[in-house]
Amino acid sequence: QVQLLESGGGLVQAGGSLRLSCAASGSIGSINAMGWYRRAPGKQRELVATISSRSNTYYADSVKGRFTISRDNAKNTVSLQMNSLKPEDTAVYFCNADIRPRATVTYTQYWGQGTQVTVSS
């Protein structure tokens, strides 16, 4: 069984910083891309940032220059450093990973439970 566990959300003032972390655990064979999504109140879930197994990164235009995604392949973790936070960054943030469980040949999308980030003005 594979699980993703997020941590690091909270309440911060505009202009502040937060760091989100996500750890994959369980029977993991290999991990392909990892990423972060968010769902703001009344909106659909949107992609924030992704990072490939070779650490190629992609960012949504709305967070470029402010957020940095990174991963530790040895620890099966992905992090999101969020700087210069804005009230519009308020959302539930979800960790996502493309994982091949051990003894299988197929990659499957896994999701964390979500962590709340609230940015006050």
Side-chain angles (χ1 to χ4, degrees):
Q1 186 177 358
V2 174
Q3 290 183 322
L4 297 180
L5 182 62
E6 299 126 334
S7 61
L11 172 65
V12 65
Q13 288 189 332
S17 299
L18 281 175
R19 184 177 181 85
L20 305 182
S21 296
C22 173
S25 62
S27 183
I28 296 171
S30 58
I31 302 178
N32 198 356
M34 304 182 82
W36 291 91
Y37 290 71
R38 67 186 181 187
R39 185 174 65 234
K43 295 187 177 181
Q44 290 188 334
R45 187 170 58 192
E46 64 174 355
L47 173 65
V48 176
T50 61
I51 185 166
S52 73
S53 58
R54 296 185 178 185
S55 294
N56 295 313
T57 59
Y58 168 84
Y59 296 95
D61 287 343
S62 58
V63 306
K64 278 181 183 176
R66 300 187 298 122
F67 291 10
T68 302
I69 190 170
S70 60
R71 65 189 284 173
D72 184 330
N73 291 332
K75 297 181 179 179
N76 292 333
T77 60
V78 61
S79 297
L80 186 68
Q81 178 66 41
M82 304 184 294
N83 299 328
S84 302
L85 282 161
K86 304 175 181 180
E88 51 263 44
D89 293 318
T90 295
V92 178
Y93 284 70
F94 298 89
C95 174
N96 169 269
D98 196 24
I99 298 174
R100 180 183 61 80
R102 200 170 296 158
T104 70
V105 297
T106 303
Y107 282 86
T108 301
Q109 292 283 318
Y110 288 86
W111 294 89
Q113 79 286 354
T115 184
Q116 177 70 46
V117 171
T118 303
V119 184
S120 63
S121 57

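Hydrogens, waters and symmetry mates play no part in the numbers below; they use all other heavy atoms, side chains included.
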Subject >> From CG (L11) to CD (Q13), nearest 0.5 Å >> reply: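 One finds 8.0 Å between CG of L11 and CD of Q13.
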
**OP:** To the nearest 0.5 angstrom, please state how far the CZ atom of R71 sits from the OG atom of S53.
**Re:** 6.0 Å

Subject >> Whether E6 side chain and Q113 backbone form a donor-acceptor pair below 3.5 Å >> reply: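 Yes; at least one donor-acceptor contact below 3.5 Å.
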
Subject >> Short side-chain to backbone donor-acceptor contact, Q81 and R19, under 3.5 Å >> reply: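 Side chain of Q81 to backbone of R19, a donor-acceptor pair under 3.5 Å: no, none is there.
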
Subject >> Heavy-atom closest pair, residues S79 and S21 >> reply: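 Closest pair (atom of S79, atom of S21, distance): OG-OG, 3.6 Å.
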
Original post:
Closest approach of G114 and V92, non-hydrogen atoms and distance?
Top reply: CA-CG1, 3.8 Å

**OP:** Hydrophobic side-chain clustering at under 4.5 Å (ILVMFWY, transitive links): who's grouped with M82? Put none if nobody.
**Re:** V2, L4, V12, L18, L20, I28, I31, M34, W36, V48, I51, Y59, V63, F67, I69, V78, L80, L85, Y93, I99, Y110, V117, V119

Original post:
Are a donor atom and an acceptor atom from the side chains of N83 and S17 found within less than 3.5 Å of each other?
Top reply: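 The criterion, which ignores hydrogens and geometry beyond distance, is satisfied for S17 and N83.
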
Original post:
Regarding T118 and Q116, is there a side-chain donor-to-acceptor distance under 3.5 Å anywhere?
Top reply: yes

Original post:
Under the side chain to side chain contact (heavy atoms under 4.5 Å, CB included) test, which residues partner Y107, sequence neighbours left out?
Top reply: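 Partners of Y107 by the side chain to side chain contact (heavy atoms under 4.5 Å, CB included) criterion, ordered by chain and then number, come out as S30, N32, D98, R100.
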
Original post:
Taking only residues two or more places apart in sequence, or in another chain, which ones meet Q3 in a side chain to side chain contact (heavy atoms under 4.5 Å, CB included)?
Top reply: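 Checked Q3 against side chain to side chain contact (heavy atoms under 4.5 Å, CB included); matches are Q1, S25.
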
Original post:
With sequence neighbours excluded, what pairs up with Y37 under the ring pair (Phe, Tyr, Trp, His ring centres under 6.0 Å) test?
Top reply: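 Once residues adjacent in sequence are excluded, the partners of Y37 under the ring pair (Phe, Tyr, Trp, His ring centres under 6.0 Å) criterion are W111.
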
Original post:
Can you name the residues that form a salt bridge (charged side-chain N to carboxylate O under 4.0 Å, His left out) with K64, not counting sequence neighbours?
Top reply: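 So K64 forms a salt bridge (charged side-chain N to carboxylate O under 4.0 Å, His left out) with D61.
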
Original post:
Mind checking what makes salt bridge (charged side-chain N to carboxylate O under 4.0 Å, His left out) contact with R66, not counting sequence neighbours?
Top reply: D89

**OP:** Give a yes or no on whether a salt bridge exists between E46 and R38, defined as a side-chain N under 4.0 angstrom from a carboxylate O.
**Re:**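 Looking at E46 and R38, the cut-off is met.
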
